[in-house]
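Structure, as structure tokens:
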Amino acid sequence: MAQLLGGVLTSHVPAIGRAIHQGLQDDPYWKPFFAGFPPVRQWLAQARPDVVVVFYNDHGLNFFLDKMPTFSVGAAPAYRNADEGWGIPQVPAFTGEQDLSWHLIERLIDDEFDITTCQEMLVDHAFTLPMALLWPDQAWPVKVVPVCINTVQFPLPTAARCWKLGQAVGRAIRAWDSAARVVVLGTGGLSHQLDGERAGFINKDFDLRFMDSLVSDQPDWATQFSIPQLVEQAGTQGIELLMWLATRAALGERVEEVHRNYHIPISNTAAGLMVLQSV
Amino acid sequence: MAQLLGGVLTSHVPAIGRAIHQGLQDDPYWKPFFAGFPPVRQWLAQARPDVVVVFYNDHGLNFFLDKMPTFSVGAAPAYRNADEGWGIPQVPAFTGEQDLSWHLIERLIDDEFDITTCQEMLVDHAFTLPMALLWPDQAWPVKVVPVCINTVQFPLPTAARCWKLGQAVGRAIRAWDSAARVVVLGTGGLSHQLDGERAGFINKDFDLRFMDSLVSDQPDWATQFSIPQLVEQAGTQGIELLMWLATRAALGERVEEVHRNYHIPISNTAAGLMVLQSV
Amino acid sequence: MTTPEIPGIPGTTLFDGRLARKGYALNRMCYSFNDAANRAAFQQDEAGYCDRFGLDDEQRAAIRARNVLQLIAAGGNVYYLAKFAGIFGLDVQDLGAQQTGMSKDAFKARLAAYAH
Amino acid sequence: MTTPEIPGIPGTTLFDGRLARKGYALNRMCYSFNDAANRAAFQQDEAGYCDRFGLDDEQRAAIRARNVLQLIAAGGNVYYLAKFAGIFGLDVQDLGAQQTGMSKDAFKARLAAYAH
Ligand SMILES: [Fe+3]
Ligand SMILES: [Fe+3]
């Protein structure tokens with residue numbers, strides 16, 4: 001059976017792509033963010049994953065409102081990035097792990113998750129930039145399976161439902177008849193809000209409490225909140241913490257915290273980073 | 001609250017469109033099929049629905065394998081038919097009941113159904129032809145909400161999951177704060193198979209038992225079977241009976257059978273027809 | 001592939017992930033036949049149209065032969081193949097007859113016989 | 001509309017069905033700006049481009065004003081609006097400054113202050 005080694009949780013913002021492109025990693029504004037990543041890469045060098053399952057949210061590249069899935073799972077041979085409207089340079093394509101894609105799809109449908117299967121799929125900055133932070137040379141040493149959660153069109157899936165999705169994905173990975181070493185990557189959040197008079201809202205207390213909860217005895221702490229309550233606490237885009245929840249749920253009951261970083265702000269966002277190892 | 005009056009269940013095949021276009025309703029081949037519908041129209045004339053919620057399956061018009069939802073719900077202002085590859089004449093557009101669409105979407109996501117929302121949606125013969133059988137003048141006196149279930153890409157949702165979807169849709173309709181009168185229409189099946197050396201397979205015994213079950217004390221009888229078992233009994237396209245199951249589930253615990261017809265064959269298909277009234 | 005084994009049903013193929021992977025290009029081409037202009041383009045330059053969608057040799061041979069069982073074996077899904085068949089004015093009974101090796105009349109007679 | 005009332009969060013709009021219905025044309029236009037050719041077409045003939053997507057008067061006025069709060073009130077979703085802003089080289093801090101009525105520097109300073 002496949003081995004689920006652990007999870008990486010990180011924020012994403014398009015500006016990271018610009019910063020990478022312009023080589024600003026050591027710039028005073030960006031350094032506190034980028035400096036969080038060498039320990040992650042060290043952990044990955046030890047973990048040696050073959051496959052990364054990525055929980056992320058699309059920002060209007062692959063999905064539009066004509067067909068907006070709640071949960072979608074990629075089953076493509078390859079995943080390309082594309083222009084998202086800002087003409088930011090694109091990263092190389094990713095190779096899909098189609099065996100795992102279809103295994104996940106079989107298991108999830110069997111577990112009564114009503115997923116949308118995507119045999120073609122563009123992946124946006126929420127997918128590509130975290131990958132580029134984990135592997136800066138962009139010579140991806142892993143195959144991937146994207147799992148996308150809707151954060152564009154309300155109603156969003158509840159935090160409790162996202163937790164259950166993560167649990168089901170974790171079970172499926174562990175039941176995959178393969179010698180592969182698998183890591184789960186969750187990207188989004190933490191607190192930020194781009195729209196409305198409350199734009200620029202950040203909530204450090206909530207973020208820290210949320211990060212703590214993931215390594216506590218009650219890792220599903222955030223599932224007690226409704227989506228509007230989470231928006232109130234974390235901002236309209238802070239709701240992307242749903243990706244962190246699904247990732248944490250995939251890792252099973254107990255995890256060990258290997259690394260953590262938290263920095264305010266990058267762009268409009270409170271940037272969180274965690275490495276959680278399965279135990 | 002809205003009133004859920006009952007359900008109509010019918011088979012669909014593209015050839016019905018050709019027969020309507022060519023005026024073959026009284027042709028000896030077609031008459032036993034079309035003759036089943038006057039009592040349905042009589043019931044509708046009494047029921048006077050304002051809205052029809054339609055469970056149907058897309059046959060590769062609105063959805064392709066790039067984004068294939070398990071369950072999708074329409075939320076468009078209007079739904080057009082389009083050329084499905086055979087150049088069959090198209091029916092007039094349908095007006096969407098967007099208030100009910102969004103009410104259903106809110107309720108279904110809240111009930112942990114991971115639906116895909118479609119704010120633009122083409123509807124194919126599985127939607128248009130049953131509507132044209134119910135209202136032959138095609139001057140639709142109702143607004144519509146399409147609910148589409150995947151029967152193209154395996155794994156399909158289980159019969160048990162489709163039953164639960166139907167139950168949730170029924171609950172939501174009954175909880176809709178509206179004076180509207182609502183009918184549910186389910187289209188697909190009964191037994192038939194288009195592909196493979198078993199093409200032309202029909203199973204009258206199973207179809208009759210299935211129809212009986214829907215008005216029995218155990219209306220979810222078919223949910224005991226796995227998808228492959230249902231394919232074995234009803235054929236690869238007979239699996240469209242999932243639409244009947246979801247429709248029956250929406251109607252609640254007890255129904256009264258108002259009308260039934262069963263005829264073999266139209267095209268490759270055993271044609272079933274039922275009108276079930278809520279009690 | 002780790003897709004669970006589906007209990008075999010004689011003469012029946014379930015379009016699962018294995019077939020979806022194999023048949024993607026073929027099905028994408030057939031899906032394009034929803035559009036009359038694409039159907040015409042195929043008829044004008046069949047080989048070029050297959051090139052455009054990247055069909056493999058098995059798929060091309062099955063398309064050339066207009067052979068439904070071969071198309072299914074090459075990963076074709078019947079819902080999309082029906083649109084290919086439509087180009088030649090073939091209905092589902094024509095397809096059934098071809099797949100079962102019967103005349104259309106014999107196939108239709110067999111269907112009608114299920115009524116009894 | 002029967003969408004359940006969402007508890008009000010000051011200065012915050014949840015993009016629910018009500019707004020999705022109102023903003024569909026606007027969001028569809030902004031979604032098209034993923035493509036550089038469409039961004040150029042908009043810049044060449046702004047009014048004509050808005051026509052093509054069927055924007056209503058409120059949406060046109062908000063587009064002309066490049067006003068984010070007006071665009072949101074007209075049904076715009078921030079994920080798509082960000083692509084519209086990209087045409088003018090505006091980043092999310094520019095949008096934040098405009099929506100809060102601050103200078104960009106003041107807005108950035110407020111963000112940084114959350115660290116403490
Ligand atoms: Fe984001
Ligand atoms: Fe059908």
Side-chain angles (χ1 to χ4, degrees), chain B residues 13-15 18 29 32 57-66 68 82-88 122 124 126 151-156 191-205 207 226-233 235-237 239 262-270, chain C residues 3-20 23-24 27-28 30-36 38-39 68-69 71-73 76-87 89-93 95-102 107-108 110-116:
Chain B
V13 300
R18 266 185 229 106
Y29 182 85
N57 59 297
D58 180 80
H59 300 68
L61 177 65
N62 194 61
F63 298 111
F64 182 60
L65 303 175
D66 62 330
M68 182 58 75
D83 187 351
E84 298 177 44
W86 315 297
I88 294 175
L122 295 172
D124 78 354
T151 61
V152 172
Q153 177 66 68
F154 286 70
L156 311 186
S191 63
H192 66 300
Q193 176 153 343
L194 303 180
D195 48 342
E197 292 90 344
R198 203 173 72 137
F201 172 80
I202 283 177
N203 188 342
K204 183 177 177 179
D205 286 348
D207 287 344
S226 72
I227 293 290
Q229 285 172 331
L230 287 172
V231 167
E232 187 169 25
Q233 290 300 315
T236 39
Q237 281 69 48
I239 198 66
Y262 183 77
H263 171 67
I264 294 173
I266 53 165
S267 203
N268 283 17
T269 298
Chain C
T3 305
E5 273 305 305
I6 286 157
I9 305 167
T12 301
T13 303
L14 302 191
F15 185 73
D16 63 4
R18 188 181 62 81
L19 286 168
Y24 196 78
N27 289 316
R28 206 161 72 87
C30 291
Y31 179 67
S32 80
F33 296 144
N34 277 324
D35 187 328
N38 291 333
R39 300 197 291 273
V68 182
L69 292 176
L71 286 162
I72 292 170
N77 175 297
V78 70
Y79 288 108
Y80 307 117
L81 295 179
K83 300 169 195 299
F84 172 62
I87 297 179
L90 300 176
D91 64 28
V92 290
Q93 292 165 339
L95 302 190
Q98 191 202 75
Q99 293 175 94
T100 53
M102 296 169 125
F107 184 76
K108 289 178 77 165
R110 206 188 64 177
L111 284 163
Y114 277 113
H116 310 295

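It should be emphasised that the depicted structure is a prediction, and the values quoted were computed from it without experimental measurement. Below, read A as the first sequence line, B as the second, and so on, with proteins coming before strands; counting in each chain starts at 1.
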### Query
Can you list the residues that meet the side chain to side chain donor-acceptor pair (under 3.5 Å) rule with B/D66, with sequence neighbours excluded?
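Side chain to side chain donor-acceptor pair (under 3.5 Å) check on B/D66 returns nothing, list empty.
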### Task
Identify, with sequence neighbours excluded, every residue that meets side chain to side chain donor-acceptor pair (under 3.5 Å) alongside B/Q193.
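Once residues adjacent in sequence are excluded, the partners of B/Q193 under the side chain to side chain donor-acceptor pair (under 3.5 Å) criterion are B/R198, C/T12.
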### Query
Given that the side chain runs from C-beta out, which part of B/N57 has a heavy atom under 4.5 Å from chain C: side chain, backbone, both or neither?
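Answer is side chain: those atoms of B/N57 sit under 4.5 Å from chain C.
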### Side chain, backbone, both or neither of B/Y29 within contact of chain C (heavy atoms, under 4.5 Å)
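Just its side chain gets close to chain C.
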Flag the one option from [options] with the top tally of heavy-atom pairs under 4.5 Å to chain C.
options	value
B/L194, B/I239, B/D58	B/L194
B/I227, B/N203, B/L61	B/L61
B/L156, B/T151, B/T269	B/T151

For [X] and [Y], work out which heavy atoms get closest and say how close.
X	Y	value
C/K83	B/E84	NZ-O, 3.0 Å
B/Q153	C/A20	OE1-CB, 3.2 Å
B/F201	C/R110	N-NH2, 4.4 Å
B/A199	C/Q99	CB-NE2, 3.9 Å
B/S267	C/V92	OG-CG2, 3.0 Å
C/L111	B/P265	CB-CG, 3.9 Å

Nearest 0.5 Å please: distance from the [atom1] atom of [X] over to the [atom2] atom of [Y].
X	Y	atom1	atom2	answer
C/N34	B/D83	CG	CG	6.5 Å
C/Y80	B/L65	OH	CG	3.5 Å
B/Q237	C/Y79	CD	OH	4.5 Å
B/D195	C/L14	CG	CG	9.0 Å
B/T236	C/I9	OG1	CD1	8.5 Å
C/L90	B/W86	CG	CH2	12.5 Å

### Query
Any side-chain heavy atom of C/N77 sitting closer than 4.5 Å to one from B/F154?
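Answer no - side chains too far apart.
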### Query
Is the C/Y31 ring parallel, tilted or perpendicular to the B/F64 ring (thresholds 30°, 60°)?
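Parallel: the ring planes of C/Y31 and B/F64 meet at under 30°.
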### Task
Measure distances from C/F107 to the heavy atoms of chain B and classify the residue's part below 4.5 Å as side chain, backbone, both or neither.
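Only the side chain of C/F107 comes within 4.5 Å of chain B.
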### Message
If I measure from the heavy atoms of chain B, does C/A113 come under 4.5 Å with its side chain, its backbone, both, or neither?
### Response
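Neither the backbone nor the side chain of C/A113 comes within 4.5 Å of chain B.
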### Task
Could you have a look at C/A85, C/G86, C/S32 and say which one has the most heavy-atom pairs with chain B under 4.5 angstrom?
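Going by pairs under 4.5 Å, I would pick C/G86.
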